[in-house]
Amino acid sequence: MKKLTPIFLMVATFSLIFLSFFIFPIQIEAKTRIETEIELDKNSYSTTETVKIKVKLKAEEDGEIKRTRIRLQIFDRLAPGTSVLDYKTKGKRSIFRRTWYESITDEEGEFNFEKDLSKYNIGEGVYPVELNVDLENGKEVSERTFLIIMNERKERLRVFLVWNWHLPAKIGPNGILGPDYLEEKIGTIEDPGTLLKYSSLLRKYPDVKINLAISPALLGDISSVSNGYRSGAKKVKTFDEESPLSKASLKFIGDLKRALSDEGRVDLLEVPFGYPSLPTLLSLGWKSDFDDQIKKGAEVLKSIFKRENKLRTMLFPGLSIDQASANRARKAGIDRVIMDPENFKSRPRNNFAGPYDVSSDTDVELESFSADTEFLEVIAKKKRSDIETYLHAIIAMRLLSYDDKGAVVAVIDGENDLLDVRKVEVVMKFIKNSPWIKSEIFSDLTLSNALKKRSLVEDASDVQNVDNGYLRDLKKLRDEARDFYTAVSKDNKVSLDIKESLLAAQSFDWISRKGSSKSDAGEDYLDDVESLIDENYSNILIEPSQAITFSGKKGKIPVAILNKNNYPIYLTIKLDGGKDFSFSDDKSRKVKIMPKENLLVYKVDTHFRGLSTLNISLLSGNKEITSGSIDVSVSDMAKNILNVVSVASLFVIGVFIIRKRVRARGKDV
C-alpha cells in the first residue's frame, strides 16, 4: 500500500489542477493599450519664456492600468550633427524629470506642468522631451516631442523643396500600357490616383515654392496618353482621347503647365530621361549614354512645356557626384546639380550639408547641393501626426548650426513608390506656415550669392549596388543596339524607339534592385529593345535560289535579298564555300540593302567537280541576321573541256621541254 501512495498523490494533484480550470478559472489580466500625447503650448521659445507642457493619457475602451509609473523628462540639448530621428535618450543626462503614479482609465487624463526657462539658465538648442508609461507586461510606451529654444532670427532658413517624381511608367512598342501603372497612379478625374492628387496640390498651396523633378520617361508617357498616343518616336493611335485615363492625364499635364506659368513659384528641374545613376554610367564607360540621358530629358521637357530653363539645374540621381561626372555635366551646360539621396543610409550621414562647390582643374566651378536626408526619413517613417513635430526640430537644428546663413535642400521622395499624399500635404502646410522658413527655387539662386562650404569629390564606385543579371542583360542589348544604330540611319524612327527604351532601362531603380522579376518594368524595357531589333531584322530575307550549273570553272553567283523594311540597312554579307570556291570580289563585305528587292552578284572560281554548296549569311556586328545556301555544280562538258585542256597543256609543255633540251644539246656539240 505504501508503494502506491506517491502514484495516488500524483494522480490526485493533476486531477485537482484539471478541475480548477472549471471550478476556479484563472484570471489573466489583459494587456491594456493606451494613447499618449505630449503637447507644448508653442513651437519654440526664447530663453526667457515659460514652457507649458500638457500630458494626455487614455486607456482603450473598458481598459484600466492601476497606479502605474508615469515619467516625463527633458534631456540635454542635441549636439550639432545629431539626428532628431535616431537620437537615443538611454543613458543621456536629463535636465528636468517628473515621476508620478496614477491609474489610467478609458477617460482621458490630463496633467499640466510649467517650466520657467529663465530660472534654469538654458541656452538655445533642441531638447528632446520624452514621456514613458509602464505597462502590465513589464514594457513601457514612449512618446517624444522637442522643446525648441531659439531667440528671434533676423533671417529665415532658405529651404529648397525638391519634389521628386521619378518612377518611369511602361508603354511597350505595341502600345499596351504596362503593369496598369498609369491607370493606378493617374486614375480618373472622379477617382484620382496619387500623381493626379500631387498635381492638384501644386495649385492648392500657391505660397509654397517647389523645385519639381519628374522623370521625363514618365512625363512623356503621360503626355502621349493625354493625346491618345503611346510614347516613343512612332506615333500610334492607341487610346481614346475621350477615355477617363486620357482625360485624367490631360488634367495632370494642365496642372503642371499652370503651376509653371505662375512665375517664380515652381521650377522644373532638368532630370536625366530614365533617371539613371549618372556616375554609374560613367564608371561603366558609357559616356555617350550619359550625354544622351541629359539631352533626351531636356528634349522631352521642352516639347511638353514649350520652355527652356534660363538656368540649367539638374537633379543628379545617385549617391554622389564624382569629378568625371562634374566635368561631363558642365560640358553639357548644367550649371547646378542637386544630389538625390537614394540609398543614403549606406554612407556617412551629413545632416548639415548645405551648398558646396565641386571644382575642376579649370577656374570654372560647378555648384552642387547635398539633399537633407532627414526630411525624407521623417516623412517615410513617421505618422502624419508626428511629421510636423520632427520637421520643426530639423529646421531648428539647421538654423542653430548655420547661424542664419544656411540653406537646405529638402527632398520629398519615395524609395520605390510614391509617398502618401496626406503626408506630402503635411509638409506643404508646414513650409507655408513656418515663420522660420523662406521657400525658394534654384533658379533664384545665382553663383554670386551661393554659399561656399567646402569642396567635395566622391568616388562613384559605391553607387553601384547593381543586380548582376540585370546589368548583364542591359550590357548585351546595349551592344546589339549600337550595332543596329550603325546599320541604319541615326535619325531612323526605330533607332529612336530603341534608344528611348534603353535609356529608360538604365533607371537606377532597375539597376539597383536585387532579384528583379521578369514582370518588372526594367525587364519590360529590355524586352522592348530585343523585340524591336529582332522584328526589324526578321524583315531581311535571303530569297531561295535554284541550283546553279557552271559550264566552266569561272562563273557568277547571284544573291537575292528582300528587305521588307521601309528604310535601307547596312549589313555584312559573308560567303563561305570552303576550299571549293575562291572569289575575285570581297567575299565578306558591308553592303547597303535597299527596301524591297536587292540582287548582288559575286564572281567566283570553282575548284571541284560535281556538286558543292555555297553558304550565305547576313551579319550585324557579330549577330547573324539570316542565312541561306546555293547549290553549285560543274557540268560534265566542263569536265571534258578541263580534261582536254589538261592533256593539251601537258602536250604543249612536253614539246616545249623537249625542244629546249634539243637546243641545249646542239649548243654543246
Side-chain angles (χ1 to χ4, degrees), residues 162-173 177-178 181-182 185-186 195 198-199 202 210-227 229-235 249-250 252-257 259-260 266-278 280-281 286 288-309 311-318 329 332-334 336-338 340 342 411 413-414 418 442-443 496-511 521-522 524-525 528-529:
V162 175
W163 201 350
N164 189 11
W165 309 346
H166 67 270
L167 287 182
K170 171 67 190 75
I171 301 179
L177 206 62
Y181 184 87
L182 290 186
K185 298 303 180 185
I186 292 291
L195 283 174
Y198 276 4
S199 65
L202 293 178
I210 297 170
N211 299 275
L212 186 60
I214 180 169
S215 162
L218 169 62
L219 195 59
D221 283 338
I222 298 174
S223 178
S224 295
V225 171
S226 71
N227 292 315
Y229 296 99
R230 75 166 184 85
S231 66
K234 289 172 63 178
K235 294 298 183 182
S249 299
L250 186 62
F252 176 83
I253 297 296
D255 286 343
L256 295 188
K257 288 182 176 180
L260 290 169
V266 176
D267 189 22
L268 191 65
L269 300 183
E270 300 283 350
V271 179
F273 176 76
Y275 205 96
S277 166
L278 292 177
T280 298
L281 294 184
W286 296 357
S288 61
D289 298 67
F290 184 107
D291 298 335
D292 287 341
Q293 286 283 356
I294 294 176
K295 181 180 177 182
K296 180 65 177 177
E299 286 176 354
V300 171
L301 297 182
K302 182 179 179 181
S303 65
I304 294 174
F305 298 110
K306 311 297 186 220
R307 68 190 289 269
E308 292 185 70
N309 291 348
L311 183 66
R312 292 173 64 87
T313 306
M314 173 167 284
L315 183 71
F316 221 87
I334 303 302
R336 283 170 171 68
V337 170
I338 301 92
D340 172 30
E342 183 80 26
V411 178
D413 192 8
L418 297 168
F442 289 106
S443 57
L496 295 175
D497 268 345
I498 291 173
K499 180 174 287 188
E500 185 172 300
S501 291
L502 269 179
L503 294 178
Q506 291 171 3
S507 166
F508 190 57
D509 282 342
W510 318 136
I511 295 176
D524 289 339
Y525 277 116
D528 289 350
V529 174

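Just so it is clear, the structure is predicted and the values come from calculations on it, not from any experiment.
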How long is the gap from NZ on Lys499 to CZ on Phe273, to the nearest 0.5 Å? 12.0 Å

Partners meeting ring-ring contact (aromatic ring centres under 6.0 Å, His included) with Phe252 (sequence neighbours left out): Trp165

Taking Asn211 for the side chain and Phe442 for the main chain, is one N or O donor matched with an acceptor at less than 3.5 Å? yes

Taking all heavy atoms of Leu256 and all of Leu219, pick out the closest pair and write down the distance. CD1-CD1, 3.8 Å

Rounded distance (nearest 0.5 Å) linking atom CD1 of Ile214 with atom CG of Asn164: 9.5 Å

Would you compute the distance between atom CD of Glu299 and atom CG of Asp292 and round it to the nearest 0.5 angstrom? 9.0 Å

So which atom in Ala213 and which in Val162 form the shortest heavy-atom distance, rounded to 0.1 Å? CB-CG1, 4.4 Å

Taking Ile304 as the fixed residue, which of Pro216, Ser223, Ser224 is the one that meets the side-chain contact (heavy atoms from CB on, under 4.5 Å) rule? Ser223

Heavy-atom pair of closest approach, residues Asp289 and Leu503: O-CD2, 4.3 Å

What is the distance from atom CG of Leu502 to atom CH2 of Trp286, rounded to the nearest 0.5 Å? 8.5 Å

Working to the nearest 0.5 Å, report the span between CG of Leu212 and CG of Leu260. 7.0 Å

Might you point out which heavy atoms bring Gln293 and Gly274 nearest each other, and give the distance in Å? OE1-N, 2.8 Å

Donor-acceptor pair, distance only, cut-off 3.5 Å: does the side chain of Ser501 make one with the backbone of Ile498? no

Candidate pair Ile294 and Phe290, rule side-chain contact (heavy atoms from CB on, under 4.5 Å), full reasoning: CA-CA 7 Å; Ile294 294 176; Phe290 184 107; 3.5 Å; yes

When every non-hydrogen atom of Val225 is compared with those of Ser249, the smallest separation belongs to CG1-OG, 3.8 Å

Over all heavy atoms of both residues, which pair between Ser199 and Asp255 is shortest? Give the atoms and the distance, please. OG-OD2, 2.9 Å

